[in-house]
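Everything quoted here is computed from the prediction, not taken from an experiment. In each ligand, atom 1 is the first atom listed, and ligand 1 is the first ligand listed.
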Amino acid sequence: MLVKSFIALAACTRFARAVPYPHDSTSRVLPRAANSTTCPGYTATNVDVTDSGLTADLTLAGTACNAYSEDLQELKLVVEHQTDDRLHVKIFDAGLNMFQVQEDVLPRPANGKAASSGAAVRFDITAQPFGFKVIRNSNNETIFDTTGTPLIFEKQYVRLRTNLPKDPNIYGLGEHSDSFRFHTKGYRRSLLNAESINIPNNANLYGSHPVYFDHRGDKGTHGVFMLNSSPMNIDIDQNDAGSQYLEYNAIGGIVDLYFLAGPGPADVSKQYADVVGYSAMYPYWALGFHQCKYGYWDVNMVAEVVANYSTAGIPLEVMWTDIDYMDARQDFTLDPERFPLTKMQELVSTLHSRDQRYVLILDPGVHAFEEVAAYKSGHDLDVFLKAADGTDILGVQWAGAVAWPDWFHPNTQKWWTDEVLSFFDADSGVNIDGIWVDMNEASSFCHDTQTCNSRQKAIDDGIPPKPAFAPRPNTGRPIPGFPSSFQPDSSTKRDLEARQAMGQMKGFADREWFNPAYTVSNHVGGLSDQTIPFNTSNYDGTRQYDTHNLHGHMMALTTQKSMSARRPDVRPFVLTRSTWAGTGRKATHWFGDNASDWEHYRTSIRQMLSFVSMHQMPLVGSDVCGFNGNTNENLCARWAMLGAFQPFYRNHAELSTIQQEFYQWASVAVAAKKAIDTRYKLLDYIYTALYYQTTTGAPIINPLFFLYPEDANTFGIQEQWFYGDALLISPVTTDFSDTVTYYLPNDVFYNYWTLEKVQGAGTNVTETNLTTSDIPVHIRGGSILPMRMNSANTTKALRQEDFSILVAPGTDGSARGRLYLDEGEKIQQSDVSEVEFSFQNGKFTASGSFAYKGAVGESITVAKVLVIGQDKAGATGTFDAATGSVEVQGPWKLDGGFEFQL
Ligand SMILES: *[C@@H]1O[C@H](CO)[C@@H](O)[C@H](O)[C@H]1NC(C)=O
Ligand SMILES: *[C@@H]1O[C@H](CO)[C@@H](O)[C@H](O)[C@H]1NC(C)=O
Ligand SMILES: *[C@@H]1O[C@H](CO)[C@@H](O)[C@H](O)[C@H]1NC(C)=O
Ligand SMILES: *[C@@H]1O[C@H](CO)[C@@H](O)[C@H](O)[C@H]1NC(C)=O
Ligand SMILES: *[C@@H]1O[C@H](CO)[C@@H](O)[C@H](O)[C@H]1NC(C)=O
Ligand SMILES: *[C@@H]1O[C@H](CO)[C@@H](O)[C@H](O)[C@H]1NC(C)=O
Ligand SMILES: *[C@@H]1O[C@H](CO)[C@@H](O)[C@H](O)[C@H]1NC(C)=O
Ligand SMILES: CC(=O)N[C@H]1CO[C@H](CO)[C@@H](O)[C@@H]1O
């Protein structure tokens with residue numbers, strides 16, 4: 001009974017919170033930001049130029065305009081050429097009151113103190129009125145220019161505008177569902193993390209990545225990263241005279257800019273990784289196919305799905321369970337009837353014995369009742385965010401009234417890790433392989449944070465009340481030798497004020513927390529609606545007002561450490577809904593609760609392009625076949641193909657929808673088998689690309705302009721992509737269509753399915769009559785693809801298959817490729833191979849390092865090399881006139897290099 005009512009509640013809650021879906025308008029009138037003509041700006045004095053940068057004082061240049069709060073009189077400017085390609089420009093208040101993102105959140109890159117004389121860009125300062133330009137030295141292209149619009153730097157409002165050339169190509173600034181390349185008139189990106197049912201356009205979504213790429217064709221590409229987590233609107237618009245600009249409007253924080261000089265798009269990706277961190281490396285199995293659904297009723301149903309995949313002959317690598325497994329939706333609990341421990345353990349051991357994996361979900365909110373073990377242990381360690389009176393701040397999530405972990409509290413990591421260690425213990429708990437953290441924007445079912453009574457709201461939602469802890473009195477006296485529960489409560493208001501006063505750059509303590517005069521557009525309502533109140537203090541004295549956008553990031557980082565504590569040797573797999581700049585160094589992401597429709601099928605492509613190539617989060621994807629609403633056979637089949645060429649490949653659906661496992665429809669099963677078969681044959685190719693993204697920042701997914709930066713036809717393409725750097729994917733994107741028109745750059749390509757040579761002409765090509773198991777894929781000439789000869793039903797079995805190397809010569813007849821081999825899961829890889837393949841003047845060479853010898857049963861043998869695009873037989877191999885290919889038989893073991901002349 002109880003369980004039933006929760007299910008009903010869950011369903012209606014998700015739908016009750018659905019928002020309308022506005023169309024991606026090309027031109028809107030933005031709410032006006034500060035009137036620049038009335039603000040005085042600043043004057044730079046004491047400009048001290050050094051060999052690798054400069055410092056200056058900035059003083060308010062006239063009467064304060066106090067546009068939205070008090071103008072700050074004295075600022076500091078620091079400019080550093082940190083490397084030849086990276087310029088750091090920081091403007092902050094001389095009083096050190098404005099919030100600055102904590103070092104733990106984003107460890108700052110070292111300042112390499114490059115000489116300004118050798119730098120790719122230069123910094124030109126105008127003292128009065130203060131403004132600056134960043135100029136590319138190689139061609140004198142101005143890449144950033146604040147002159148003409150005064151800087152506004154107030155307690156609750158910071159504005160900085162840069163002039164841009166006409167019709168700029170600007171990308172990034174995730175998370176959004178808008179066009180990949182931004183509209184340039186009346187376009188706003190709001191960075192304010194929020195639960196976002198059906199990922200609306202022109203809205204703030206789950207994560208914030210304040211970095212944009214500005215691509216100027218043959219004049220180069222650069223990136224600009226604003227290291228500020230406070231909510232902000234970024235407006236891309238034209239003034240009345242038609243001049244183009246981009247403008248930051250933040251409600252707090254400082255101006256902390258990193259200019260990344262490129263000059264190529266992938267150079268900017270790398271330079272961004274140098275600032276926010278390189279992606280974590282993921283286990284080989286994470287690239288397998290994953291299945292989930294909210295509403296798998298019990299452990300039997302979960303097992304049946306796994307069994308049905310096997311029966312259907314569709315390889316399933318990873319099984320997931322949503323909040324269904326929990327006892328009354330509470331973290332670190334199992335529903336004793338539907339998901340009893342012993343059966344859960346048998347489920348996991350059965351999966352493991354078949355070389356399959358299991359992932360479970362956690363939410364940040366902990367059910368705030370005395371009898372809840374995780375709440376009690378957290379309370380003992382004092383890890384929850386506090387109200388002014390020392391009681392826990394509450395919100396409402398799936399479990400009911402919940403307390404929020406303070407991810408900045410020094411005890412939180414230990415508490416969370418202890419819970420993870422005990423609940424997911426390999427022997428006495430559920431021995432999972434990965435964790436999925438959800439709802440961590442943080443999303444609360446209470447709408448108005450200031451007035452909502454969370455306990456009453458939970459009761460109204462049908463969740464019965466239970467005994468709660470009384471507020472803990474604070475005597476202010478420590479009791480030596482006793483546990484922390486006997487010690488003074490360090491989170492009372494008085495102590496908080498003391499902590500706040502102690503530190504620097506933690507944000508002003510006296511601000512309008514809920515309705516500042518300048519606010520950030522939020523599709524769920526007011527600034528602080530449906531989340532933790534913005535006046536809540538964190539342990540370190542900072543406020544949710546400034547750190548709200550970091551909640552998911554911090555939860556992901558904390559969980560990743562906890563997973564490392566469970567299995568110290570292996571690469572943790574953590575999937576998070578909410579993200580911030582640099583989350584990718586520890587965790588990965590899916591695009592949230594989309595809809596089962598064609599629009600979101602298309603949206604998944606542009607979201608992937610931004611996240612992988614611009615936010616350094618390589619292992620991303622969307623819910624295949626769609627999450628909300630019922631999917632259909634045609635869409636699900638096409639999505640099965642689409643998802644196979646995206647990095648993270650998981651089928652997932654909402655509670656109230658029909659089941660959408662690939663085995664549910666015959667045509668979908670056919671498409672999925674072909675898709676997974678293809679994906680798995682290419683798994684080492686993409687694992688190699690993933691490895692190189694984690695070490696060099698070069699993206700695993702390439703937008704077309706990354707590889708054809710001077711071809712203006714590619715700049716706006718958002719329904720095609722390169723999987724790795726060698727495979728051009730051009731799916732059908734029109735509803736229920738069998739036709740696709742796609743762009744082929746002026747280059748040599750080969751049809752992946754037929755091996756036929758196709759000369760791209762820088763024009764569109766139309767293919768018709770594509771069944772639901774057809775997807776156009778082209779190999780880019782000049783590439784060498786390491787593939788497995790055969791697919792398999794698990795990635796472990798796949799590793800037993802021999803390699804087959806496909807050589808696709810480019811216009812000049814040559815080709816290159818590489819293969820990274822390691823054991824697949826361990827953090828410390830003692831022996832790895834980095835093989836370089838090349839083909840030139842008919843000579844094929846495999847060289848590099850060959851330390852990886854393969855586990856028992858694994859193959860590191862190349863069975864054959866296939867050279868395509870040939871019109872005649874060579875001295876070696878067998879010529880096939882039908883496909884224009886020469887096949888050279890091995891075997892060659894990859895414990896050393898080999899070569900042959902065709
Ligand atoms: C901005 O302020 C100036 C000076 O007060 C005024 O003339 C102008 O009309 C204002 N512009 C807007 C758009 O409010
Ligand atoms: C860029 O401008 C500087 C100063 O005006 C000039 O000395 C230099 O030659 C220019 N460089 C190029 C590549 O045009
Ligand atoms: C598994 O397959 C059987 C036989 O087709 C079907 O009756 C059952 O509903 C399926 N179970 C699940 C959970 O999909
Ligand atoms: C994979 O195939 C093998 C051989 O047919 C079989 O023994 C095994 O159970 C299959 N594994 C899965 C996960 O389906
Ligand atoms: C935050 O604001 C609410 C509503 O205005 C108030 O009740 C609460 O005491 C404040 N919390 C703190 C920690 O100041
Ligand atoms: C290709 O087709 C798209 C969509 O119809 C169009 O926007 C684009 O301009 C075309 N590209 C070329 C090079 O013709
Ligand atoms: C589409 O394919 C079908 C089946 O292969 C074939 O009969 C038909 O002629 C094709 N139509 C076109 C327009 O190519
Ligand atoms: C973008 C979109 O298609 N949104 C739809 C998502 O699903 C809900 C309900 O399933 C629809 O109401 C939306 O229109």
Side-chain angles (χ1 to χ4, degrees), residues 285 288-321 324 347 349-358 384-395 404 406 446 448-454 471 489 491-497 499-500 507-516 526-529 531-539 541-545 548 651 653 657-666 668-669 673 676-677 680 790-801 857:
W285 61 259
F289 167 65
H290 303 243
Q291 177 67 49
C292 186
K293 186 183 190 299
Y294 179 26
Y296 284 146
W297 179 254
D298 62 9
V299 65
N300 283 17
M301 187 171 182
V302 174
E304 205 172 272
V305 170
V306 175
N308 283 3
Y309 265 103
S310 287
T311 306
I314 304 170
L316 172 66
E317 181 79 3
V318 189
M319 189 64 195
W320 295 52
T321 302
D324 307 277
L347 171 79
S349 57
T350 306
L351 286 168
H352 288 174
S353 72
R354 297 151 48 110
D355 303 321
Q356 292 169 306
R357 308 279 173 165
Y358 194 49
F384 298 112
L385 290 169
K386 294 290 189 293
D389 65 358
T391 58
D392 296 333
I393 283 275
L394 299 184
W404 304 107
D406 178 352
C446 260
D448 182 341
T449 333
Q450 279 180 273
T451 57
C452 180
N453 177 332
S454 298
D489 189 328
S491 294
T492 63
K493 194 173 181 191
R494 204 187 56 219
D495 288 350
L496 274 171
E497 278 168 2
R499 273 210 306 278
Q500 204 142 27
F508 283 96
D510 57 330
R511 281 180 280 175
E512 169 49 51
W513 305 109
F514 299 100
N515 299 299
L527 188 63
S528 184
D529 283 352
T531 191
I532 302 164
F534 271 24
N535 63 342
T536 307
S537 291
N538 303 306
Y539 179 86
T542 60
R543 303 276 185 153
Q544 287 291 315
Y545 180 97
H548 164 82
N651 178 329
T657 73
I658 56 171
Q659 278 183 246
Q660 62 182 38
E661 298 80 20
F662 290 156
Y663 55 76
Q664 296 286 351
W665 301 269
V668 179
K673 278 188 215 174
I676 297 172
D677 181 88
Y680 282 16
N790 298 296
S791 181
N793 63 3
T794 61
T795 62
K796 183 162 185 204
L798 181 68
R799 294 169 68 96
Q800 299 172 0
E801 300 294 331

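- Using bins of under 30°, 30° to 60° and over 60° for the plane-to-plane angle, the ring pair Phe534/His548 lands in the tilted bin.
- Taking all heavy atoms of Glu304, Met301, Lys293 into account, the minimum distance to atom 9 (O) of ligand 3 is reached by Glu304.
- A distance-only check finds a donor-acceptor pair linking the side chain of Lys386 to the backbone of Phe384 [under 3.5 Å].
- Nearest protein heavy-atom neighbour of atom 14 (O) of ligand 4: Ser310 OG, 3.1 Å.
- Annotation: side chain of Ser528 is not in contact with side chain of Trp513 (no heavy-atom distance under 4.5 Å).
- Note on ligand 5: Phe514 sits in its first shell, one or more heavy atoms being nearer than 4.0 Å.
- Using the six-membered ring where Trp is involved, His290 and Trp285 have ring planes that are tilted, between 30° and 60° apart.
- When heavy-atom distances to ligand 3 are checked against a 4.0 Å cut-off, Tyr296 has no atom that comes that close, whether in backbone or side chain.
- The nearest protein heavy atom to atom 2 (O) of ligand 4 is closer than 4.0 Å.
- Within a 4.0 Å radius of atom 11 (N) of ligand 3, the protein has at least one heavy atom.
- Inside a 4.0 Å radius of atom 7 (O) of ligand 4 there is not any protein heavy atom.
- Judged purely by distance below 3.5 Å, without hydrogens or angles, the side chains of Thr657 and Tyr294 never pair a donor atom with an acceptor atom.
- For ligand 3, the atoms lying closer than 4.0 Å to a non-hydrogen atom of Val305 are 13 (C).
- Geometrically, ligand 5 and Asn535 share a nitrogen or oxygen pair separated by less than 3.5 Å.
- Between Leu316 and the choices Thr794, Val306, Leu351, the side chain to side chain contact (heavy atoms under 4.5 Å, CB included) rule is met once, by Val306.
- The ligand atoms of ligand 3 that sit less than 4.0 angstrom from a heavy atom of Tyr663 are 12 (C), 14 (O).
- A side-chain donor-acceptor contact under 3.5 Å links Asp448 and Thr451.
- Neither side chain, Gln544 nor Asn535, offers a donor N or O lying under 3.5 Å from an acceptor on the other.
- For ligand 4, the polar-atom distance check against Thr794 finds no nitrogen or oxygen pair separated by under 3.5 Å.
- In this structure, the side chain of Ser454 engages the main chain of Leu394 through a donor-acceptor pair within 3.5 Å.
- Considering backbone and side-chain atoms alike, Asn793 places an N or O below 3.5 Å from some N or O of ligand 4.
- Closest to atom 5 (O) of ligand 3 among all protein heavy atoms lies Asn308 ND2, 4.9 Å.
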